[in-house]
Amino acid sequence: MPPGSNELPLPVQVLQIITAGWLAQAVSAAAELGVADVLADGPRPVAEIASATDSHAPSLYRLLRAGADIGLFTEHDGKVFELTELGGTLRADSPTSLRNFAIWTGLPAERHAWSGLADAVRTGHTAFTEVFGKPVWDYFHDQPDVLGVFDRAMTEASQQIIAPVVAAYDFGRFGTVVDAGGGRGALLAAVLASAPGARGVLYDRPEVIAGAGQPLRDAGVDDRAELVPGDFFDSVPSGADAVILSNIIHDWDDEQSRRILVNARDALTDGGHVLLVEAVLPDRPRPSPTVSLMDLDMLVVAGGRQRTAAEFETLLADSGLKLSRIVPGGHCSVVEAVRA
């Protein structure tokens with residue numbers, strides 16, 4: 001029965017909510033151990049799964065039993081477990097995989113930071129910095145293994161965002177598209193594939209660009225794409241009919257966001273557009289807490305925030321831009337702006 005069901009006593013309802021963190025950690029552990037990959041070819045007894053995942057069989061059984069209770073696995077007689085369709089999203093090779101995202105949410109870098117939420121609410125300071133003594137980006141610099149998990153998690157999450165955004169928004173009307181902070185190029189590859197007449201610029205930090213471009217090659221659009229190193233806090237490559245900032249602005253406070261947006265604005269040709277791919281925080285009623293919880297994660301980890309349509313409009317106006325429309329595209333929307 002889902003948390004908050006009014007058929008349960010109130011203490012039971014709130015207990016389900018309170019212990020949701022345990023549920024998330026169980027999913028993260030199953031993802032880290034690679035259980036879904038072991039079960040990809042069919043049901044297996046717990047002893048075989050333990051051997052394949054280098055786990056303690058009795059303890060693994062307890063994890064799998066909990067996973068079955070939340071729908072990741074099905075338990076059969078004899079302690080045999082089968083992967084469900086839901087559990088399949090934890091497979092590394094699944095097109096809908098969120099395995100690395102699940103692993104990321106279970107790492108101390110994420111979970112320990114959340115222990116500082118109350119203090120962050122009291123002070124307005126980023127919890128991560130208070131808990132670990134340094135901003136998250138500095139922490140990543142010192143912990144390359146953690147950064148690797150985070151990058152893979154963000155890549156997975158973006159892959160679930162890309163298709164509905166590209167399906168919802170017409171990129172074909174632009175001649176040159178700059179994807180600022182575009183990572184390895186997955187979104188730009190999809191954009192260029194949908195817009196055969198367009199050329200693209202993938203723009204990101206030098207260390208990112210050094211390993212970028214494979215999605216562009218895989219999509220067969222690399223001949224229409226240029227990889228450019230740089231920092232969007234300093235500038236954005238000029239001559240853009242559209243500058244895309246996909247899940248960038250939510251990482252930063254208003255002052256830092258304005259710096260990025262002003263640079264994006266200055267890169268535009270006449271009639272150009274700035275396109276923010278973001279999860280727009282809805283006004284009430286909110287059918288799901290997902291985006292508001294993402295907003296808290298921004299407070300905890302990065303110091304940024306999710307924004308409502310009205311907040312985007314104000315932020316854009318303060319950056320010399322005018323909100324023209326918001327195009328829903330699945331979990332995220334395209335927040336479209338032009339020069340004011």
Side-chain angles (χ1 to χ4, degrees), residues 100-101 104 135-162 165-166 171 174 176-195 198-219 221-253 256-268 272-279 298 301-304 319 332 334-335:
N100 284 289
F101 196 89
W104 159 249
V136 64
W137 309 112
D138 292 345
Y139 179 92
F140 283 157
H141 182 269
D142 297 335
Q143 302 285 340
D145 290 345
V146 177
L147 175 60
V149 175
F150 178 79
D151 280 347
R152 291 190 293 274
M154 295 306 104
T155 298
E156 282 180 347
S158 69
Q159 286 171 344
Q160 307 313 315
I161 290 168
I162 289 170
V165 164
V166 173
F171 292 94
F174 302 122
T176 300
V177 177
V178 175
D179 188 358
R184 290 166 178 78
L187 175 57
L188 185 60
V191 166
L192 294 181
S194 76
R199 299 191 63 80
V201 176
L202 181 65
Y203 184 66
D204 212 315
R205 300 185 311 277
E207 64 271 22
V208 176
I209 289 295
Q214 190 60 49
L216 297 162
R217 293 187 286 273
D218 291 343
V221 298
D222 54 306
D223 60 328
R224 293 189 280 127
E226 181 183 4
L227 277 62
V228 177
D231 187 335
F232 49 48
F233 281 113
D234 297 329
S235 66
V236 172
S238 61
D241 298 309
V243 174
I244 302 174
L245 293 160
S246 179
N247 285 301
I248 299 296
I249 296 302
H250 74 173
D251 283 335
W252 308 99
D253 62 25
Q256 293 167 311
S257 294
R258 280 191 292 271
R259 287 178 57 193
I260 299 168
L261 289 169
V262 167
N263 288 335
R265 180 203 66 195
D266 290 347
L268 296 178
H273 293 67
V274 172
L275 308 174
L276 311 181
V277 179
E278 294 277 354
M298 292 299 102
V301 176
S319 308
C332 284
V334 180
V335 180

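Only this structure's heavy atoms are used, side chains among them; waters, hydrogens and symmetry mates stay out. All values reported here derive from a predicted model rather than from experimental measurement.
Closest non-hydrogen pair, A267 versus V243, comes out as CB-CG2, 4.3 Å. Scanning both residues, L275 and A242, for their nearest heavy atoms gives CD1-CB, 4.0 Å. Contact record, Y203 with P229: CE1-O, 3.7 Å, taken as the closest heavy-atom pair. Minimum interatomic distance between M298 and H250 (heavy atoms only, all atoms of both residues): SD-O, 3.2 Å. Considering all non-hydrogen atoms of both residues, G182 and D204 come closest at N-OD2, 3.4 Å. The shortest heavy-atom contact between V228 and P237 is CG1-CG, 4.3 Å.
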Please step through side-chain contact (heavy atoms from CB on, under 4.5 Å) for the pair V149 and D145, ending with a clear verdict. CA-CA 7 Å; V149 175; D145 290 345; over 6 Å; no
Before you tell me yes or no, could you show the steps for V191 and V166 under side-chain contact (heavy atoms from CB on, under 4.5 Å), namely the whole-Å CA-CA distance, both residues' side-chain angles and the distance that decides it to 0.1 Å? CA-CA 6 Å; V191 166; V166 173; 4.3 Å; yes
Could you give me the CA-CA distance, side-chain angles and deciding distance for L245 and L261, then say whether side-chain contact (heavy atoms from CB on, under 4.5 Å) is met? CA-CA 9 Å; L245 293 160; L261 289 169; 4.0 Å; yes
Given F150 and V136, is the side-chain contact (heavy atoms from CB on, under 4.5 Å) satisfied, shown in steps? CA-CA 11 Å; F150 178 79; V136 64; over 6 Å; no
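Considering NE2 of H141 and CG of D138, their distance stands at 8.5 Å, rounded to 0.5 Å. Atom-to-atom distance recorded for R224:CZ and L192:CG is 5.0 Å, nearest 0.5 angstrom. Here OG1 of T176 is found 11.5 Å from CG of L268. Values are rounded to the nearest 0.5 Å. Here the straight-line distance linking atom NE2 of H273 with atom CD1 of I244 works out to 12.5 Å at 0.5 Å rounding. We find the CG-CZ distance between D231 and R259 to be 8.0 Å, quoted to the nearest 0.5 Å. Note that CD of Q256 and CD1 of I249 are 10.0 Å apart. Values are rounded to the nearest 0.5 Å.
Side-chain atoms of E278 do not come within 3.5 Å of backbone N or O of V335 as any donor-acceptor pair. In terms of modelled atom types and a separation under 3.5 Å, the side chain of R184 and the main chain of P215 share no donor-acceptor contact. Listed for the N263 side chain is a donor-acceptor partner under 3.5 Å among the backbone atoms of F233. For the pair D251 (side chain) and G304 (backbone), a donor-acceptor distance under 3.5 Å is absent. With hydrogens and angles disregarded, no donor-acceptor distance shorter than 3.5 Å links the side chain of D179 to the backbone of L202.
Counting heavy atoms from C-beta outward, T155 and Q159 have side chains that approach closer than 4.5 Å. Side-chain contact between R152 and F101: absent, with no pair of heavy atoms (C-beta onward) separated by less than 4.5 Å. Residues V236 and D266 are not in side-chain contact: their nearest non-hydrogen atoms beyond the backbone lie 4.5 Å or more apart. Residues L147 and Y139 have side chains not in contact (no heavy-atom distance under 4.5 Å, counting atoms from C-beta outward).
Looking at Q214 and R217, their side chains do bring a donor and an acceptor atom within 3.5 Å of each other.
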